[in-house]
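Before any comments, here is the structure.
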Amino acid sequence: MVELKNVDVHYKEGGVDALNDVNLRINDGEFVFIVGNSGAGKSTLLKLLTRERVPTGGRVFVNGFNLSKLREGKIPKFRRSIGMIFQDFRLIPNLTVYENVAFVLRVTDRSRRFIRQRVPYVLNLVRLTDKARAYPSQLSGGEQQRVAIARAFASDPGLIIADEPTGNIDPELSYEIVELLKDINKCGTTVIMVTHEHDLVKYFGGRIISLKKGNVDFDDYIGGNNEGQ
Amino acid sequence: MKGSNFSYLVKQGVVSVWHNRVMSFASFCILMVSLLLIALAVLFSIDIGIAIGNIEDTNEILVFVENDLPESEISYISDILNSYKNEYVSSVDFFSKEDAWESEREWFGEVMYILFDSVGDNPMPHTFIVSLRDITRMNEAATRFSAIEGVIGVRAPYDFAEVLISIRNTFAILGIAILAALIVVCLVIIYNTARASVFARRMQISIMKHVGATNAFIKIPFFIEGMFIGIIAGVASWFLTKIAYETVVSIFSEEIMLIQVLGLTSITDFNDIRWIVLAANCFAGALLGAVGTVFSMGKHLKV
């Protein structure tokens, strides 16, 4: 579960209020789109959810961790409970596809045997079994993002946060990426996806949180164009 | 941490040397040159110390005693002089007036024999030749020897001693200063090279942090990588040190006179200390490489 209570974020540099008294609650198993224009506060919200920064005021709870009071030494433990997907994929360039996915399991100190079973499983989920030995530079944008999704899902986290995951790939592949995230969501994983691609949001529908100038401007469910398909 | 994961991180560290070969080569070169310069500076400092020590060993204080002293009195003076061996005297030799006279005759040669024969009584005094271990105490020694009953005079090379002490002190300070400056410069260069290497992989570190890797988990491969490069640089610098040092020594050894004048007759033989130098170079290389790399990661770990 993700919960923000009266959260303010104020940047001293420039005296900008990035978030103003934001209250949010995202329950386990939800799929949520977060939308908004540049400067609306989307990036700041993500930084709060990944504990890259702490709020100036209010409290942030993610997966049972109170991020407002989380000590530095506990951050790795918290981050292992979430999966991150980035717009620029952020794969480790000198590791193969298999090793990139296995890396997150090594970080969580999983046994060699578990890694040998889990990595092929998630690579199969994202349909990249045949690319296991390839390096990121040998893959297309869409394939790299699928590796990133496999990596995020490998440790079976309760929450996946995707920061504009379709921003660097062909529009037709964007739908495939969101479909993959939807499939993961059906397994019970909460997914928060930040995007500014309104067509995607309209197509898939569901819960939409729109930010505007640091405030929650809209938080409701809309029907998607793909319903009934 | 599981053993399998630790061995994976160690393997990653070694593999990273090849994956980041351009930066690895730059770090290797910087470390190798730094270690070479430091090793040569240390070796030559040791040799200069030996040279000054050898020259110091040639210092002698002449202690003249009364001519008509009985043998028991001379023996008594000898005992007193030898008693200082516990402090600063290294050797005491007695030269009777007859030995001294004969030595002078031989030194002047046959041509001057007539002149020596024309002198009636032997004018040379009985003499003790005292060598000091510590020439900084020459004044003190001369004063003490003068006060011994039966001693009529003392001749000591005060100026020579002062010059030697001054040279020794200057070289000591200069040696330490050069070495310290060299180490500081090397550390700065190594640190910056490591920083450049880490900066090139800041994204990789950031990814590791985002997936929940602890700082220790991230540092281990970098630590191993730095250590590995450092050890290779240590071995390479050892070879270069050996070649450079032996070349300089061989050039000097052709100048026998120069070697004797400079007191370099018992200079350090590289073969005698080759394993110590190798161990020191590898240890210093590993330490500088590993610590330099890990220290330069600090900022990038704050994600």
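Any value given below was found using the heavy atoms of this structure, including those in side chains, with hydrogens, waters and symmetry copies removed. All of these numbers come straight from a predicted model, not from anything done at the bench. In what follows, chains carry the letters A, B, and so on, assigned in the order in which the sequence lines appear, proteins first and then strands, with residues in each chain numbered from 1.
Side-chain contact check for A/Thr44 and A/Tyr11: at least one donor-acceptor pair (N or O, by modelled atom type) lies under 3.5 Å.
Checked for salt-bridge contact, B/Arg137 and B/Glu87 meet the test: a charged N lies under 4.0 Å from a carboxylate O.
Proximity of the aromatic rings of B/Tyr245 and B/Phe44 is defined here by a centroid distance below 6.0 angstrom, and this criterion is met.
Proximity to chain B (any heavy atom under 4.5 Å) is restricted, for A/Arg151, to the side chain, taken from C-beta onward. Heavy atoms of A/Ile82 lying under 4.5 Å from chain B are absent altogether. Heavy-atom distances place no part of A/Phe78 under 4.5 Å from chain B, backbone and side chain included.
Rounding to the nearest 0.5 Å places CG of A/Leu24 at 9.5 Å from CD of A/Glu3.
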